[in-house]
Amino acid sequence: MAENRASTNEEPHEGGKPASALPPAPSEDPSPTESADEARAESPAEEPGPYPEGTPCWLDAQLSDVEGGKRFYGELFGWTFQEGEGGSVWARLDGRPVAQLGRKADGRMPTVWTVYFATPDIQTLSRRITAAGGQLVVAPYPVAELGRAALVADPEGAVFGLWQARRHPGFGLRHAPGTFVWAELYTRDTTGANTFYGGLFHHALFAPGADPDFGRADVTDVFPAEMPPHILAHFRVTGLDEALGTVRRLGGRVQAPPFEASYGRVAVVTDNQGASFALLER
């Protein structure tokens, strides 16, 4: 991983939730809550899968109030939504899937965003994770015809997802404003993180020509020392200060005011239900 303050090609960046069951793959037609007039023009940032192993390929949020989440993220990022199963919805931008919002099955579960990493063999990668000191939180399971998912944790307890694609490769659009652009692991053990993630995802992080969108930093660089290690999803915005104003107006709050990182200008926020994420201006 690359370091968040000064990127290198030698180390990973430093930067969790129960996996949700993804609904059937969305069609390419506008969703029931999305009019044709809302569909946007093609974007050069579109990067359809399949994604190489170790690449962040999908995001989902576990929320108490999915309708409230639609209002918040729809206004903040311009997302439209397509109804899924079990009260979940697909978030779309430019007509392409960019994330999923799911309803928490248990109110005691955390309200969080989870980053999923692509793999062609979820069983083998799960075994490698446990052999390297990580934990299997939710064993690999099929998600209809879309693919297979698992939930795992690194040796410090930072939770992330795995995704072996079939019909659903992952992001239909990323790196564009209003979409996923970066994942940062915030850890207390940067050396251990380098070893763990560098061993798992070496090709995605260090192969010739690799341009990873995953990094790591010490948790105290941004958060209080008592904050648990975690992976933080970053969404790209064109105007960070304006986006922060929108977050506040919609009932969210700013956890960490804007700061400069090697990969852009960042602020950490929570939505109106408490799920943390970052806004990144490049």
Side-chain angles (χ1 to χ4, degrees), residues 1-4 7-9 12-15 26 28 38-61 73-74 76-81 90-101 113-119 160-161 163 165 168-185 197 201 203-217 231-244 246-247 258-269 271 275-282:
M1 295 150 67
E3 239 180 298
N4 76 349
S7 297
T8 75
N9 291 323
H13 254 22
E14 297 183 70
E28 292 306 313
E38 289 174 313
R40 303 185 184 187
E42 294 281 328
S43 167
E46 181 185 7
E47 297 187 43
Y51 292 100
E53 183 163 72
T55 303
C57 68
W58 190 241
L59 290 166
D60 67 17
Y73 292 103
L76 180 61
F77 295 136
W79 292 352
T80 54
F81 300 92
W90 293 82
R92 301 176 70 162
L93 189 67
D94 297 349
R96 303 172 184 87
V98 294
Q100 184 190 15
L101 308 183
W113 280 99
T114 295
V115 178
Y116 290 77
F117 292 82
T119 177
F160 58 98
W163 182 248
H168 175 59
F171 299 124
L173 184 68
R174 63 175 183 168
H175 300 164
T179 71
F180 169 84
V181 65
W182 189 262
E184 186 80 346
L185 168 68
Y197 291 97
F201 303 141
H203 189 271
L205 295 168
F206 306 126
D211 186 19
D213 44 21
F214 176 44
R216 66 104 178 95
I231 294 176
L232 187 68
H234 291 49
F235 296 92
R236 187 175 179 183
V237 295
T238 54
L240 182 56
D241 295 331
E242 180 181 356
L244 291 176
T246 302
V247 166
F259 61 91
E260 295 294 333
S262 63
Y263 50 90
R265 185 168 177 251
V266 183
V268 181
V269 301
D271 66 17
S276 294
F277 60 98
L279 301 172
L280 172 60
E281 180 183 79
R282 283 180 167 171

*asked:* Quick check: do F277 and D271 have side-chain heavy atoms less than 4.5 Å from each other?
replied: yes

*Which heavy atom in A204 sits nearest to a heavy atom in A210, and how many Å separate them?*
O-CB, 3.5 Å

*Start with the C-alpha gap between L280 and R282, add the side-chain angles, then the distance that decides, and say whether side-chain contact (heavy atoms from CB on, under 4.5 Å) holds.*
CA-CA 6 Å; L280 172 60; R282 283 180 167 171; 3.7 Å; yes

_For the aromatic rings, using the six-membered ring if either is Trp, is the centroid distance between F160 and W58 under 6.0 Å?_
no

_Testing the basics here: between H168 and W90, what is the closest heavy-atom pair and its distance to 0.1 Å?_
CE1-CZ3, 3.2 Å

Please list, one pair per line, the donor and acceptor atoms closer than 3.5 Å that link side chains of residues 232-244 to other protein atoms, with sequence neighbours excluded.
unit_1: H234; atom_1: ND1; unit_2: L232; atom_2: O; d: 3.0
unit_1: H234; atom_1: NE2; unit_2: Y263; atom_2: OH; d: 3.3
unit_1: R236; atom_1: NH1; unit_2: H175; atom_2: O; d: 2.8
unit_1: D241; atom_1: OD1; unit_2: R265; atom_2: NH2; d: 3.1

*Minimum heavy-atom distance A118-P52, with the two atoms named*: CB-O, 3.6 Å

*Hey, are the side chains of T114 and L59 touching, using non-hydrogen atoms and a 4.5 Å cut-off?*
no

*Distance in Å, W182 CH2 paired with D213 CG, rounded so as to fall on 0.5 Å steps*: 6.5 Å

*Do the non-hydrogen side-chain atoms of F117 and E53 ever get within less than 4.5 Å of each other?*
no

*Please answer whether the main-chain N or O of G178 pairs with a side-chain N or O of W79 as donor and acceptor at a distance below 3.5 Å.*
yes

*Find the distance between CG (L173) and OG1 (T179) and round it off to the nearest 0.5 Å.*
5.0 Å

_To the nearest 0.5 Å, what is the distance between CG on L205 and CG on D211?_
11.0 Å

*Do you know the tightest heavy-atom contact between W113 and S276?*
CD1-O, 3.7 Å

*Indicate, with yes or no, if the rings of F214 and Y197 have centres closer together than 6.0 Å.*
yes

_On a heavy-atom basis, which atom in Y51 and which in C57 lie closest, and how many Å separate them?_
CD1-CB, 3.5 Å

*Which atom of A261 lies closest to which atom of V266, heavy atoms considered*: CB-CG2, 4.2 Å

*To the nearest 0.5 Å, tell me how far L93 CG sits from F77 CZ.*
10.0 Å

*Are the aromatic ring centres of Y116 and F180 under 6.0 angstrom apart?*
no

